[in-house]
Amino acid sequence: MKRRVVVTGMGAITPIGNSVEEFWKSIMEGKAGIAPITKFDTTDYKVHIAAEVKDFDPKEHMDFKAAKRMEPFAQYAVAAAKEALEQSGLNLEKEDPYRVGVIIGSGIGGLGSMERDHQKLLEKGPSRVNPLLVPQMITNMAAGNVAIQLGCKGKCTNVVTACATGTHSIGDAFRAIQYGDAEVIFAGGAESSITPVGVAGFSALTALTESDDPKRASIPFDKDRSGFVIGEGAGVVVLEELEHAKARGAKILAELAGYGATCDAYHITSPLEDGSGAAKAMTLAMEEAGITPADVDYVNAHGTSTHHNDLFETRAIKLALGDAAKKVKINSTKSMIGHLLGAAGGVEFITCVKSIEEGFIHQTVGTREADPECDLDYAIGAPVKQEVNYALTNSLGFGGHNATLLVKKYEA
């Protein structure tokens with residue numbers, strides 16, 4: 001028998017707030033965190049804007065020595081995990097540490113450290129390469145550092161599925177708890193790839209918008225969309241087996257009731273044109289939760305603001321939900337925070353939980369007129385206030401990776 005899994009804590013570092021409270025306040029205000037890049041000189045670049053994390057001081061979340069040994073993606077993960085722990089009310093000293101796990105992924109890892117030390121290698125030779133280069137750059141160090149900081153000795157893994165990383169990480173944590181591998185898992189994603197190579201690489205792929213207007217750069221489903229805005233940050237949640245949460249009197253924020261994971265097996269960057277791969281992930285999540293398409297109130301779309309993603313995801317939603325697709329509310333959080341790559345799924349999962357808690361579906365900010373082929377309800381022009389009992393959140397990654405989670409309002 002599968003065990004029920006609930007959410008008891010959440011933490012976020014985002015371009016519009018360095019806590020869930022700050023993030024959600026900005027979401028409700030429709031505030032976008034997109035601005036000119038400050039991390040490096042973009043004079044020779046076609047792309048000049050990004051969604052950077054602002055005013056983040058790692059020393060507020062960990063000691064100076066530990067922070068120096070981490071790249072920003074791992075620092076963001078630690079900060080988000082500590083916030084999630086605090087909200088959950090867990091006393092880790094009273095838990096069996098081998099029953100508390102960490103599954104936090106990063107799509108790219110410490111790209112900045114690789115760039116810096118490659119330059120040192122070329123200019124000064126191999127002896128000058130930082131001894132900590134490898135443990136700073138490898139993607140599993142978000143999960144590893146969270147486990148070290150919190151003392152979690154259970155299952156500790158790292159999913160890497162490009163832009164689906166955060167969602168797959170939460171899905172894998174869900175499965176691990178369902179089948180008894182752990183009682184509690186810190187799950188989500190972290191990313192910090194707003195670097196010269198990161199921006200140049202995505203730009204060369206023609207994936208990034210070249211718009212310099214922060215208000216009209218990340219405009220998912222809009223007829224004038226021209227690519228995504230690269231973002232950074234982390235989203236981490238505490239997932240917990242239901243009876244374990246009840247036994248310690250935890251406040252339950254929502255229930256995770258379904259997970260679907262598929263592969264398009266089609267193209268390294270483009271989703272299947274008919275959306276069938278992503279649709280199957282949504283169908284699997286709904287089937288596991290025991291609901292019908294008509295029950296779904298809200299879809300937090302992957303919604304990257306690229307031509308192919310938004311069109312093919314629209315087709316996927318139609319395929320998965322059928323007639324109910326015309327009635328469901330859809331939005332893209334990326335309209336405010338850009339695309340957090342491996343961290344996107346973690347932050348967007350948090351958005352779904354808050355939408356259920358608050359009865360609030362945020363506007364797809366910046367989007368004015370939908371593409372004629374994107375003909376669903378994308379919450380354009382204003383947020384929607386309505387009860388949300390069931391929410392789907394989608395993530396699609398390069399390589400054809402599709403992941404969907406179904407979040408529901410908790411009922412005892």
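Ion pairing between a basic and an acidic side chain is recognised when a charged N comes within 4.0 Å of a carboxylate O; Lys385 and Glu358 show no such pairing. Looking at Arg175 and Glu288, a side-chain N of the basic residue comes within less than 4.0 Å of a carboxylate O on the acidic one, giving a salt bridge. Checked for salt-bridge contact, Arg3 and Glu243 miss the test: no charged N lies under 4.0 Å from a carboxylate O. Using a 4.0 Å cut-off between a side-chain N of Lys or Arg and a carboxylate O of Asp or Glu, Arg4 and Glu241 do not qualify as a salt bridge. Using a 4.0 Å cut-off between a side-chain N of Lys or Arg and a carboxylate O of Asp or Glu, Lys318 and Asp375 qualify as a salt bridge. A salt bridge links Arg225 with Asp371: the distance from a Lys NZ or Arg NE/NH1/NH2 to an Asp or Glu carboxylate oxygen falls below 4.0 Å.
By the 4.5 Å heavy-atom criterion applied to side chains, Ile108 and Glu191 are counted as neighbours. Side-chain contact between Val7 and Val238 is absent, with no heavy-atom pair separated by less than 4.5 Å. Residues Ile37 and Tyr45 fail the side-chain proximity criterion, which asks for heavy atoms closer than 4.5 Å. Counting heavy atoms from C-beta on, the side chains of Leu392 and Met286 come closer than 4.5 Å. Under the 4.5 Å side-chain criterion, counting only non-hydrogen atoms from C-beta, Ile185 is not in contact with Val102. By the 4.5 Å heavy-atom criterion applied to side chains, Val365 and Ser218 are not counted as neighbours.
Sequence neighbours left out, the pairs with a member in residues 65-94 that pass salt bridge (Lys or Arg N to Asp or Glu O under 4.0 Å) are Glu71-Arg116. Counting only residues at least two apart or in different chains, salt bridge (Lys or Arg N to Asp or Glu O under 4.0 Å) contacts with residues 132-158 comprise Lys155-Asp181. Within the structure, side chain to side chain donor-acceptor pair (under 3.5 Å) pairs that include any residue of residues 192-203 comprise Glu115-Thr195 (at least two apart or interchain).
Atom CZ of Arg248 has more than 12 neighbouring heavy atoms from other residues, nucleotides or ligands inside a 6.0 Å radius. The environment of Asp55 atom CG is sparse: at most 12 non-hydrogen atoms of other residues, nucleotides or ligands sit within 6.0 angstrom. Heavy-atom neighbours of Lys54 NZ from other residues, nucleotides or ligands within 6.0 Å: above the threshold of 12.
A donor-acceptor pair under 3.5 Å is absent between the side-chain atoms of Asn145 and the main chain of Ala74, judged by distance alone. Of the possible polar contacts, one joining the Ser113 side chain to the Gly110 backbone as a donor-acceptor pair under 3.5 Å is found. Checking side-chain atoms of Glu52 against main-chain N and O of Thr38 turns up a donor-acceptor pair under 3.5 Å. Using modelled atom types, one side-chain atom of Asp264 and one backbone atom of Leu272 make a donor-acceptor pair closer than 3.5 Å. Although no hydrogens or angles enter the test, the distance criterion places no donor-acceptor pair under 3.5 Å between the side chain of Glu255 and the main chain of Val6. No donor-acceptor pair closer than 3.5 Å links the side chain of Thr364 to the backbone N or O of Thr367. Side-chain atoms of Asn394 do not come within 3.5 Å of backbone N or O of Thr404 as any donor-acceptor pair. The backbone N or O of Ala66 lies less than 3.5 Å from a partner atom in the side chain of Asp63, making a donor-acceptor pair. Not a single donor-acceptor pair under 3.5 Å links the side chain of Lys408 to the backbone N or O of Ala254. Glu240 places no side-chain N or O within donor-acceptor distance of the main-chain N or O of Thr8, the cut-off being under 3.5 Å.
Rounding to the nearest 0.5 angstrom, the gap separating the OG1 atom in Thr292 from the CG atom in Leu321 is 9.5 Å. To the nearest 0.5 Å, atom CD1 of residue Ile194 and atom CD1 of residue Ile49 are 11.0 Å apart.
For Ala81, the side-chain contact (heavy atoms from CB on, under 4.5 Å) test picks out Val146, Leu150, Phe186, Val236, with sequence neighbours left out. With sequence neighbours excluded, no residue satisfies ring-ring contact (aromatic ring centres under 6.0 Å, His included) with Tyr98. For Ser88, the side chain to side chain donor-acceptor pair (under 3.5 Å) test picks out no residue, with sequence neighbours left out. Every side chain to side chain donor-acceptor pair (under 3.5 Å) that Lys25 has, sequence neighbours left out, goes to Glu29. By the ring-ring contact (aromatic ring centres under 6.0 Å, His included) test, Phe56 pairs with His61, Tyr76, sequence neighbours left out. Taking Asp297 as the reference, nothing meets the side chain to side chain donor-acceptor pair (under 3.5 Å) condition, with sequence neighbours excluded. Among residues two or more places apart in sequence or in another chain, the side chain to side chain donor-acceptor pair (under 3.5 Å) test is passed with Arg99 by Glu183. Under the salt bridge (Lys or Arg N to Asp or Glu O under 4.0 Å) criterion, Asp222 pairs with Arg216, sequence neighbours left out.
Under the 30°/60° scheme for interplanar angles, the aromatic rings of Phe228 and His339 are found to stand perpendicular.
Annotation: Tyr390 is not in aromatic contact with Tyr298 [ring centroid separation under 6.0 Å not met].
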Identify each donor-acceptor pair in which a side-chain atom of residues 348-357 lies under 3.5 Å from a protein atom, sequence neighbours left out, and give them as a table.
residue	atom	partner	partner atom	Å
Glu348	OE1	Lys334	NZ	3.3
Glu348	OE2	Lys334	NZ	2.8
Thr351	OG1	Val347	O	3.1
Lys354	NZ	Glu357	OE1	3.4
Ser355	OG	Thr351	O	2.8
Ser355	OG	Phe360	O	3.0

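Among Asn140, Thr139, Asp172, the one residue that satisfies the side-chain hydrogen bond (donor to acceptor under 3.5 Å, both in side chains) test with Asn158 is Thr139. Checking each of Ser332, Ser305, Ser226, Ser335 against Ile219 for a side-chain contact (heavy atoms from CB on, under 4.5 Å) leaves exactly one that passes, namely Ser305.
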| What do the steps show when you test Asp212 against His48 for side-chain hydrogen bond (donor to acceptor under 3.5 Å, both in side chains), and what is the final call? | CA-CA 7 Å; Asp212 283 332; His48 304 111; 3.2 Å; yes

